[in-house]
Structure formats: C-alpha cells, structure tokens
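The structure displayed is predicted, hence computed values, not measured ones. Each chain gets a letter, A, B and so on, in the order the sequences are listed, and its residues count up from 1.
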Amino acid sequence: MVVYAGQHQTECLQYSELVPDWTEHEVNTGTTIMAVEFNGGVVIGADSRTTTGAYIANRVTDKLTPIHDRIFCCRSGSAADTQAIADAVTYQLGFYSIVMDEPPLVQTAANLFRQLCYRYRELLTAGIIVAGWDNRHSGQVYTVPIGGMLVRQPVAVGGSGSSYIYGFIDSTYKPGMTKEECLRFTGQALALAMERDGSSGGVARLAAITQAGLEHSVILGNQLPKFPTA
Amino acid sequence: MALSYVFETPVSGFNFENSTRNAGLESLLGDTKVKAPRPLKTGTTIAGVVYKDGVVLGADTRATSSEVVADKMCAKIHYIAPNIYCCGAGTAADTEKTTELLSSNLTIFSMNSGRNPRLTMAANILQDMLFRYRGQIGANLILGGVDCTGNHLYTVGPYGDMDKVPYLAMGSGDLAAMGILEDRFKPNMGIEDAKVLVRDAIHAGIMSDLGSGNNIDICVITKEGVDYIRPYQESEFKDKRQRKYKYKPGTTPVLVENVIRLEVDLVEETIQKMETA
C-alpha cells in the first residue's frame with residue numbers, strides 16, 4: 001500500500017485473505033508415539049493432537065488403532081494416509097487370520113504395513129509403530145518409519161515429538177521392566193515430548209496389550225507428570 | 001479431447017486432466033509468473049453438535065464469488081439419507097456433487113438391504129472416495145445423523161482423513177465458531193440448548209468472518225425424524241428493496257419477429273436397453 005502526500009490508496013481485500021491459509025494444508029498428525037516391550041506384552045502410547053498447519057483440527061484424536069485382537073498400530077504422519085493404510089492392513093490381516101485359522105503374528109502385521117509403505121513410498125507420508133502380543137514370541141514392537149524400513153526394537157518412538165525424548169529414552173530404559181514400570185515410563189516420555197513439541201499435546205493415551213487382553217487408559221492434560229523446568 | 005460438433009459419450013467418474021495440465025504449466029513457467037485459476041471456495045461457517053436425543057447441524061447461507069455475494073440463501077446442509085445430513089465447506093461444486101453421489105449410493109444400498117444407512121458407512125464411503133482423489137476434491141464435510149447405533153457426528157477432510165467427535169466446526173469461520181463451542185458445549189444437552197449453541201456458533205462465524213453471512217440454517221436430526229429449519233434466523237442486516245424488479249410480459253413491445261428453421265439430419269441412432277430387473 002503506497003501512501004502519497006495528501007492522497008491515500010486503499011487496497012481491496014484479496015480473496016486469498018478471506019479464506020485462511022490453513023485450509024490449504026493437509027491434515028497431519030504431528031505426533032509423539034511410543035511402544036515398549038515387556039515380559040508378557042507391550043505398552044503403547046500416543047498424544048492426541050491432529051494439526052492442519054497451525055490449527056488443531058482434533059485435540060482428542062485416538063492414534064492407537066486396533067489392527068487385530070492383540071495387535072495395535074500407532075500412527076504418525078499424514079492422517080489420511082495412515083488411516084487408509086491401517087484400514088487396508090486390518091482387512092488383509094483379518095482375511096489372513098481366517099485363512100490360517102489362528103491369530104496372526106505381530107511380525108505378519110508389521111510386514112503387511114512395510115509392504116504397503118515401501119511400495120507406495122513416493123505417495124505416502126506415514127510413520128507407523130506396530131506392537132502387540134502373539135503366542136509365539138510374546139510382546140513385540142516393530143517400527144516402520146517413512147520410507148518403509150522394518151526393524152524390531154525393544155523401545156520405539158516416532159513422530160515429530162520423538163526427537164525431544166531420545167535422550168530420556170536411552171538413559172531411562174532398562175530391560176526387564178514390569179508392566180506398571182513401562183506404563184509410567186511411557187507416560188513420562190509422552191509428557192516430556194508434549195511439553196516441548198508444538199505439534200504434540202492434548203491428552204496422553206496409553207494401552208497395555210497382554211495375552212489376557214487390552215487395558216486402555218487416558219492421562220488428562222492436567223494430570224500429566226510435571227517437571228521442574230516446565 | 002471432444003470437438004464441439006462431435007458428440008462423445010462422457011467417461012464416467014471425475015476427470016482431472018485440467019488439474020494435471022495446470023500443475024504442469026505452473027511448474028514449467030515458475031509459479032510467480034503464472035497462477036492457475038483457483039476453484040470457487042465459498043467462505044463458510046458450518047457446525048455440528050451431538051446432544052442427548054440426536055444431532056444438530058448448522059450453517060450460514062452466504063456463497064461468495066471473490067468479493068461479491070453470489071447467493072444470499074445458499075443451502076449448505078445437504079440431504080444424504082432420511083436419517084443423515086451433511087454440511088459442506090470448501091469448493092462449492094465439489095461438496096454439492098460429492099454429497100449427491102453419496103446420497104445416490106446410500107439410497108441404492110437402502111433399497112437393496114431394506115435398512116436405513118449407518119453414519120459409519122457414509123463416512124467410510126466418503127473417506128474411500130476422497131482418499132482416492134488425493135485432495136483434488138476440495139470438500140470439507142461434517143456428517144451428522146442418527147442410526148440404530150446412536151447419534152454420531154463425523155468430519156471428513158479433502159485428503160480422506162476422518163474424525164469422530166461430539167462437536168465440530170468447519171469452514172473459514174470455524175475458528176470463531178469453535179471458540180463458542182469449546183466454551184459452552186456439555187455432553188447430553190437438551191434440544192433447545194443445543195439449537196441455541198449451534199446458532200451462537202454460526203453467529204460468531206458470521207460476525208467474525210467476511211466469507212460467512214446472511215441467514216442461519218439449522219437441521220435437527222433425531223430418531224423420530226428430521227426438522228430442517230431454513231432459515232432458523234434471518235440476517236439482522238437485511239435491506240429493504242426500494243422497488244419491484246419483476247415486469248409483466250408485454251412490458252417491452254415486440255417490433256419484429258423472425259423465425260429461422262434449422263435443418264437437422266439424423267446422423268446416428270443407438271438403442272440402449274435398460275436393465276429393469
């Protein structure tokens with residue numbers, strides 16, 4: 001807007017200024033997701049924030065998606081892509097377990113994810129952690145990051161908030177933790193990440209998967225563990 | 001490519017040849033020099049709330065074409081099924097056609113199965129279709145309704161992401177509407193409270209957003225039926241027309257009349273039998 005002495009040029013509002021910028025962005029689960037193995041099962045956890053640019057589209061998202069009775073996946077990346085992939089794998093795994101007439105292995109589920117994510121790697125933005133219990137190898141955690149790699153890890157973290165908690169994970173994790181210790185460990189890690197990462201927040205959703213079944217829990221925002229620096 | 005004088009049977013489904021051509025042109029010429037024409041977006045405020053006995057959907061009624069209001073009484077709450085309605089924000093044509101397509105498919109399903117369609121089925125169909133078109137269909141939809149499993153409210157975005165939540169707002173005015181909803185939403189509200197809440201949310205959108213305005217439509221869906229109140233509230237800023245703009249036939253005198261018959265030849269005749277089984 002140029003102002004001349006004595007004159008005043010007014011600018012008509014551009015249409016692009018009427019429609020806000022975030023409508024142009026795809027919906028992302030900028031996220032923190034995590035999974036830990038323990039003797040007898042796994043503990044998985046995630047935050048609950050879905051963003052479209054700078055706007056929080058859903059502040060109570062459930063990123064822990066059941067794939068089968070004892071197998072879950074934690075989703076990070078594009079919301080649309082991960083929902084579509086999870087639906088496709090749920091269908092394939094259900095079909096597979098009917099054909100084999102037994103509950104599927106976690107390794108099978110992880111490989112189905114990996115096949116989809118690798119084949120369509122140019123088109124997809126999906127970072128997925130597959131975790132569950134089967135009767136052959138008990139609790140297992142597999143990570144399938146963007147690009148379609150597959151690797152089994154005792155502890156896996158993912159999403160934009162994971163960068164902030166690698167140090168905490170590496171220093172605090174020890175093998176042989178109990179389920180309660182794993183739940184506390186996951187809760188603390190998620191709280192730390194949600195504190196530092198703008199794209200993670202809301203509530204912390206946790207689940208423990210064992211042979212006996214599933215135990216869901218939610219830690220509300222004001223009940224998250226607090227730290228002196230915060 | 002269809003020539004104007006040769007009739008080609010159109011291929012079914014959407015055709016995105018022009019979108020790919022535009023994307024190619026933009027990248028070729030550098031996007032500071034050439035901007036492809038953008039599709040018409042109707043700045044909008046739409047909202048939905050789940051209450052004790054059902055779902056309340058609300059929308060404003062302004063359709064804009066750049067800075068001009070193209071339609072002051074546009075209907076943004078679309079019929080999907082007797083128990084399902086859908087508010088649409090984003091590209092006007094896309095929301096209209098997508099909801100019509102969904103409605104047709106669900107009607108066929110109802111006739112085949114003898115059941116009212118469920119919200120989760122409608123949301124899944126939308127999700128499948130929008131994901132397949134990878135964001136080219138600019139439809140931000142709020143699906144609300146009552147089925148045998150309860151009262152549900154879903155949102156589906158243009159890339160195919162779906163969320164199921166108790167209250168929602170979408171469109172360019174959604175930040176203002178969301179503020180009202182976040183402040184006053186309670187689970188299991190009564191019907192009057194729910195209607196007032198949705199009205200206030202849309203009103204906030206109308207007041208704070210240039211792309212939303214005019215009247216407010218409300219649609220209440222319960223197990224018993226649907227109450228589509230259009231308009232629920234008229235604009236406070238309506239102007240009175242100074243004179244009548246309708247003219248009787250014969251106001252303009254006809255001086256000369258000339259009829260030219262067009263010579264048409266029958267070129268091709270095809271008969272397609274309809275399956276009426």
Q: At what distance, to the nearest 0.5 angstrom, does CG of Asp81(A) lie from CZ of Arg134(B)?
A: 6.5 Å
Q: Is Met178(B) in contact with chain A via its backbone, its side chain, both, or neither, using a 4.5 Å heavy-atom distance?
A: side chain
Q: Please round to the nearest 0.5 Å and tell me the distance separating atom CD of Gln83(A) and atom CE of Met162(B).
A: 6.0 Å
Q: Kindly state each residue pair satisfying ring-ring contact (aromatic ring centres under 6.0 Å, His included) with at least one member in residues 72-97 of chain A, sequence neighbours excluded.
A: Phe72(A)-His216(A)
Q: Could you give the distance from CG (Asn58(A)) to CG (Leu168(B)), rounded to the nearest 0.5 Å?
A: 8.0 Å
Q: Does the side chain of Tyr55(A) come within less than 4.5 Å of Asp174(B)'s, by heavy atoms?
A: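 Contact flag for Asp174(B)/Tyr55(A) side chains = yes.
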Q: Under a 4.5 Å heavy-atom cut-off, does chain B meet the side chain of Asp62(A), its backbone, both or neither?
A: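 For Asp62(A), there is no contact with chain B at all, as no heavy atom is under 4.5 Å.
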Q: Restricting to side chain to side chain contact (heavy atoms under 4.5 Å, CB included), what partner residues turn up for Lys72(B), sequence neighbours left out?
A: Val69(B), Asn214(B), Arg241(B)
Q: Where is the tightest heavy-atom contact between Phe131(B) and Ala80(A), given as atom of each residue plus distance?
A: CE1-O, 3.7 Å
Q: Is atom CZ of Arg114(A) surrounded by more than 12 heavy atoms (other residues, nucleotides or ligands) closer than 6.0 Å?
A: yes
Q: For the atom pair CG (Asp87(A)) and CG (Asp128(B)), what is the distance rounded to the nearest 0.5 Å?
A: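 So the CG of Asp87(A) and the CG of Asp128(B) are separated by 7.5 Å.
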